Amino acid sequence: MIAAGCDVGSLTTKAVILNNARLLGHALVRSSFNPEKSASEVMEKALASARLTMDDISLCVGTGYGRERIGFVKKTVSEISCHAKGAHFLQPSIRTIIDIGGQDCKAIRLDAKGEIVKFITNDKCASGTGRFLEVMAKLLGLELGELGRISGQATHPITLASTCTVWAQAEVIMHLNEGMPKADLAAGINEAMAARVAILARSVGIEQDVCMTGGVAKNPGVVEAMEKQLGVPMRRLRLDPQLMGALGAAVFARERLGVS
Amino acid sequence: MIGTMREAAQNLQNAFVREWKKDGGKTVGYSCTFIPEEIIHAAGLLPFRLRGIGTTSMSIGDSYFGAVNCSLPKCILQLAGQGSYTFLDGAIITNGCDSMRRLEECWRKASEDHRGTLPEYYEYFSVPHKSVDYSVEFYEEELRNMVGTLERHFRCTVSEQSLKKSISLYNKGRTLLQKLDELRFGRDVPISGEDAMAVLIAAHAMPQERFIEMLEGVIEGLGKAPSVSGGKKRLMLMGSASDDMDFIHVIEEAGAIVVADTVCYGSRTYSALVDEESDPLHALSSHYLKHSICPRMLGYYRTRLSYVMDLIRKARVDGVILQNVRFCDLHGSENGIFERDLEAAGIPCMRLEREYGPLTETGRISMRIDAFMERISTHCSSIGETTSDAARTRQQTI
Amino acid sequence: MKRETREYNLDWMLWSSVVSGSKVMDGTDKEYQALLRLIPNFRGIIDTILRQGEPGRLFMKMGAEYLDDIKAVHEKGKKLCFGTFVASKDLFYAFDNVVPAWAEILTVFATMMMRKGTAEYMDYCCEAGFTETSCSAQRGSVGAYLAGLAEKPDFLVCGAPGICDTNANAMQFMSEYLDIPLFQLTFPSNLTGRRITDYQRKDYRALIAFVEEHAGSRLDEDRLRSVLAEHRRQDEIINEIFDLTRLKPCPMPPIFNLFLYAGRLQSSGRKSLTALLESMLRVVRENAKAGRAGTVSGRERARLLMCYIDHYTTDGRFWQWVDSQDISLLPTLIFTFFNRGINYAEERQDQTYEIDTSTMDAMIDSLADINSRMPMVKQLRGPYDAAGMWREDLFCMTRLMKPDFAVYLGSMGCRNSYGVNKLIQRDAERFGLPTLLLFADAFDDRVASWEFCVEKISEFMHVRGIVS
Amino acid sequence: MYVAGCDVGSLSAKAVIMKDDNIVASHIMFARPEPSESARVVMEETLRKVGLSMEDIACCVGTGYGRNAIPFAQACESEIACHGKAAQWLKPQVRMVIDIGGQDAKAIRVDETGTVVRYAYNDRCASGTGRFLEVMAGAMGIDIEAMGDISAQAREPVTLSNQCVVFAETEIISLINAGRELPDIVGGLHRALSHRVASLARSIELEGEITMTGGVAKNRGMFTALEEALGVKLVRMDTDPQIIGAVGAALMARQTAAGNG
Ligand SMILES: Nc1ncnc2c1ncn2[C@@H]1O[C@H](COP(=O)(O)OP(=O)(O)O)[C@@H](O)[C@H]1O
Ligand SMILES: Nc1ncnc2c1ncn2[C@@H]1O[C@H](COP(=O)(O)OP(=O)(O)O)[C@@H](O)[C@H]1O
Ligand code: SF4
Ligand code: SF4
Ligand code: SF4
């Protein structure tokens, strides 16, 4: 039986199709203002990549901010549970997950069975979310992917004084004008991000293995800064970390179908 | 009947207040559960717990309070400044918490810019922060002053007799609320948390006599009512003041039922009865200082913890929501210790920070509640278990 | 918290910095310069302090003595009492086996001397479950204690309930988190009156009983008498210094402010403070005689009254900056202690305390009275415009010291002062005192950098025509 | 005698040339990353409009957040002083100026000579500034210029709970998803911002006639929302409110030049 998961996030919409433990297809699109449309779009793409049609899917579980509005979904599960499920599915030794998405960030701790012991989410301010990085990348004229890579070349990372995304932006502009190398700026940005998230992560209690999920986990600069901050290695997962929520949803669907 | 109470809970100047005013009755607002309603009642006045519901703007609240103050007193100030509280003939503010006590000055100042928005009777009373002999004595003296100022301003007399009568009336209300709790604590709960919240709020927003009358009816009706709790997880709400039924609604929409709480506006006021035998002011002073579970009484955390543990057991609670209004120091910090201790006892907890005021962030709140519900469903913790994973893993964490 | 941070104890680090700082002046100027290079992180503040000559050196020695006691408390077989600055020290120095450590003082030391301030300790509080919106003055050091990075206190004493929730909560949290007994001194919202005095004296006696129990020793009458006598002597010197600060130009060097209140908060009743104060008085007198301002240049361009607290972050550059701008810093408002005879209390003697050493009871009453007039305890316990509260104190100071402008600076955790600072600003402006509310945190430059603060203060001085 | 004022803001650079009591030319453009570059370009453009060159300018004063980087400015003044000065000069009855720019909001009280007597600025969060509206406009895919007209059609403006610019964006998206009308959302945004600014203004006590300056004042939705929030009619500037800071700087330049000559 074929199961699917669809994660309608604030910034991106993701879908994963599973047959037992085998990944048949996946897709990722930018979220539009209409979650229904984003969901069908991403699902079509995922189905195409798996050479399937909607009729082949026995059950699809939805998650993410827009989860209640996906037409083809029978059941919904929160993102927190999905990220936990997905990460545990890929790597059962994971005990702590740091998920940074576009609009929030979460720290989740699991037990050996993959069940959630504790979680914390940030919801005060946009600093410490993926959006912060996007704003900064745009400012530096870099692709999101580059922001992480280039920070490896930094020699003197800057320190950002402001926590507000918008003010931090002004600060970065100032440094840019001073002719500061982009690598140093990028490194400073990634470090600022990691420092903010590390507080959250530590308050949930770090236990190894630790992994990062969500789009920001694709930024190696943040991942390394995080390792430095927390003093533990981040376990790399075998699948695009941004898909973790959708994968978890698909695993839920599969469990629902009674496949163990 | 519950519908009427909901109406009373959702509107500032509700039908009961209007009726009371129409008959020439006077109303006195008060800021905190540490002010004995009995005294206001004994003076022939209607005690009305100050609230901040239905604000759509903070333009007045923010121009006096600072950016780091809690939104509850700010909302009250906003309403006051807008003239929504002109139905009050008096207001009593205390040093409940820091932001709340600053309401005293802010309201007074705001009334200079927004004329006619300060009740004529406007007083500040100082509630001690500990419950020892000399503080009970001190507070008794404050209460005596309160009686004096009320008598002078409203030209009434508060006799020992009338005080005793009020105490016994309010005790009756407390007893009934305890009965309601018993119904909520049973396996089959006949009332949703949202409705129960309406009842609890109404208790401080209408004449107590009327409230008692209605509550008796409600309880009788609930005795025969079907269960609304089937298959639902039983939650308890702790932390900052909350009089927002929509908030409870969001929680219950996730498939839970709120069966108990320890919050202000909720069931903070009736766990014990006032002694009816001894001198009334002394009895009130001692009751209010000794039976509160508010963290403003500093140094009594252990007492509160054992109260909470007891409540959790009695109400068969599956999980606890530890919420606090942003910048609420008292609950914000106490929730941290509660989380540690409750989790160690095997009770799943979730911390949530929110704003007081119209509930618009439902998306984020319900996402968390969903996740929490998913967590307790799989975890299936029962209170009997002593050490949970949480407790065990704490030792190993960094 | 980073692993590197976990490798050192906060009290040890502060001790070693201050002790070496207090010794750098002992050598030649060349040695001094060389040593300064070795301490890049707090070179600025050490230099600013030591440049004051003898008072600076005595200040460092006093700090070293204080920190040495704290760091080695258990080695010396003594008990460590941890608390907040709103409880006076005299009582504890009257026990021969109690060492008092106060959260805010340690935070200030660490904020000024450590490269990244106390950010990691502050964050550790949140990691431990303590609310991140609370006051940075406590979090800065409490975080280190929660993390076990300091000698564990034997008991806690807090004087903040009724004055400041967030402060009191920090102590309550610490007490529960580390399982340490806690005593809370409480205060009614008024300052004077028989009932109030009675209450406070009873509460203070309960405190003494608590300390005796946990220190395992009794309060010694003779020791207490000598501590209080020393305190009285210190008050007299301070009275004279304060009187001289009324002169235009103000003969007191800006950083003396820090010496004054830090000294009183950490070492009141101790000989080391008396020596420091005597030395300060000599300097101030000389400046006054010469008609010089206390600034390095000897000139005074403007008189600034910090109407709440000072700014401590980024190497304590606040004092350096004020000095370099030829701004006289008048005594910081909240750090006024209200001893009998002090000039700002001229017409309100009932708000002051008097030290009576005749009997044990009289001494305890004096202690209670001192304590109920501690910084913040006095000005923030009740409505800001009630008698003896913030507004009245501000106006009295303004009449007396004639500041050109006032700046409010506090902490983001401060519900109390943020709850009324707009009101006080409004009143101050009507009173004719230009007042700036600075949206920054005195202990945490992540809220707003020191550069931002300088810009805002300069802009204010300029726009409001305080300097041309 | 010609004088000039140059205001290099966070979002836009503005320049004004004055002769006697008249504004003879002005120009607004988006700020470049380098403030000195913005200043140079905006000044050149302004000069070009009246066929002048920098030599013709007796004095130029710089203001705005990039003021210290303007190479040709003889002096610098804070925006607070400039907005206060110019608003009162243009509308003598004005005693209070509310300036909302891209990066901050200020309430300024002036006396009858245009001298600042009190002021307050917003706290360190972008949510009370023009940037807030820009980000929201971006999220809804509409033009910032069109916001005023759209909000005029609002019937039931929404209430926003979130103060953070970025989170408010999420909220907007969910409101759109919930099927709320665009005008109601835009109206709600204006209301939210105007209430924040109104509380800022109230905190220094409203006095006399009030006007609004800065780029956001061009948005008529904000203008009416602020009038509602404050409960008073605002004085409308005949001059483009976005250049008021630069006008103030030019007035300061005139003073300096007169003092020198
Ligand atoms: N290729 C990439 N490299 C680095 N970071 C990325 C990349 N793609 C996305 N991101 C980051 O991930 C964030 C989006 O994360 P995502 O998990 O998709 O969010 P959501 O679930 O809220 O839609 C973006 O804000 C961006 O910072
Ligand atoms: N034509 C316009 N219509 C409506 N709003 C505008 C217009 N132009 C600019 N704005 C608003 O003005 C803000 C910029 O104001 P401005 O005074 O130029 O800022 P700064 O001085 O900081 O550069 C923008 O954030 C935008 O909200
Ligand atoms: S939380 Fe405590 S202090 Fe605050 S209003 Fe309730 S009882 Fe009073
Ligand atoms: S600064 Fe404010 S919050 Fe901090 S201790 Fe003082 S009153 Fe309390
Ligand atoms: S500081 Fe910036 S990022 Fe934070 S809440 Fe405000 S606008 Fe949002």
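Every chain is numbered from 1, with letters handed out A, B, ... down the list of sequences. Please read these numbers as outputs of a predicted model, since none were measured by experiment.
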*Asks:* Is there a side chain to side chain contact (heavy atoms under 4.5 Å, CB included) between B:Leu330 and C:Asn169? Walk through the geometry before answering.
*Replies:* CA-CA 7 Å; B:Leu330 294 169; C:Asn169 277 322; 3.8 Å; yes

*Asks:* Answer yes when C:Asp165 and B:Arg102 have at least one side-chain N-carboxylate O distance shorter than 4.0 Å, and no when they do not.
*Replies:* no

*Asks:* Within a 6.0 Å radius of atom CZ on C:Arg194, are there more than 12 heavy atoms belonging to other residues, nucleotides or ligands?
*Replies:* no

*Asks:* With a 4.5 angstrom heavy-atom cut-off, is it the side chain or the backbone of B:Phe338 that approaches chain C, or both, or neither?
*Replies:* neither

*Asks:* Which heavy atom in B:Lys130 sits nearest to a heavy atom in C:Thr186, and how many Å separate them?
*Replies:* CE-CG2, 3.6 Å

*Asks:* Identify the heavy atoms of C:Lys422 and B:Gly66 that sit nearest to each other, and give their distance.
*Replies:* NZ-CA, 4.2 Å

*Asks:* Looking at every heavy atom in both B:Arg101 and C:Arg381, which two are closest together, and how far apart are they?
*Replies:* NH1-O, 2.7 Å

*Asks:* Report the option among C:Gly382, C:Ser175, C:Cys125 that has the most heavy-atom pairs separated by less than 4.5 Å from atoms of chain B.
*Replies:* C:Gly382

*Asks:* Looking only at non-hydrogen atoms, find the nearest pair between B:Asn95 and C:Ser189 and report the distance.
*Replies:* ND2-OG, 3.7 Å

*Asks:* Side chain, backbone, both or neither: which part of B:Phe65 has a heavy atom under 4.5 Å from chain C?
*Replies:* both

*Asks:* For B:Tyr64 versus C:Leu423, what's the shortest heavy-atom pair and its separation?
*Replies:* CD2-CD2, 3.6 Å

*Asks:* Surrounding CD of B:Glu112 (heavy atoms of other residues, nucleotides or ligands, distance under 6.0 Å), is the total greater than 12?
*Replies:* yes

*Asks:* Using only atom types and a distance under 3.5 Å, with no angle test, would you say the side chain of C:Gln172 pairs donor to acceptor with the backbone of B:Gly299?
*Replies:* yes

*Asks:* Among B:Ser135, B:Pro73, B:Pro128, which residue has the highest count of heavy-atom pairs closer than 4.5 Å to chain C?
*Replies:* B:Ser135

*Asks:* Report the distance from atom OH of C:Tyr384 to atom SG of B:Cys106, rounding to the nearest 0.5 Å.
*Replies:* 8.5 Å

*Asks:* Is it the case that over 12 heavy atoms from other parts of the model lie below 6.0 angstrom from the CZ atom of C:Phe431?
*Replies:* yes

*Asks:* For residues B:Tyr134 and C:Tyr199, establish whether the separation of their ring centroids is below 6.0 Å.
*Replies:* yes

*Asks:* What I want to find out is whether B:Arg108 reaches C:Asp385 closely enough, with some N-O distance under 4.0 Å, to be called a salt bridge.
*Replies:* yes

*Asks:* Do C:Arg415 and B:Asp329 sit within salt-bridge range, that is, some charged N less than 4.0 Å from a carboxylate O?
*Replies:* yes

*Asks:* Does any part of the side chain of B:Glu142, heavy atoms only, come nearer than 4.5 Å to the side chain of C:Arg195, both counted from C-beta?
*Replies:* yes

*Asks:* Regarding B:Glu137 and C:Lys202, does a basic nitrogen lie under 4.0 Å from an acidic carboxylate oxygen?
*Replies:* yes

*Asks:* Give the intermediate values and the outcome of side chain to side chain contact (heavy atoms under 4.5 Å, CB included) for residues C:Phe173 and B:Ile337.
*Replies:* CA-CA 7 Å; C:Phe173 189 92; B:Ile337 323 177; 3.5 Å; yes

*Asks:* Hey, is B:Glu105 close enough to C:Arg391 for a salt bridge, meaning N to O under 4.0 Å?
*Replies:* no

*Asks:* With a 4.0 Å cut-off, would you call C:Asp427 and B:Lys109 a salt bridge?
*Replies:* yes

*Asks:* With a 4.5 Å cut-off on heavy-atom pairs, point out which of C:Pro161, C:Pro383, C:Gly129 contacts chain B the most.
*Replies:* C:Pro383

*Asks:* Hey, could you give me the CG/CD distance between B:Asp341 and C:Glu176, rounded to the nearest 0.5 Å?
*Replies:* 7.0 Å

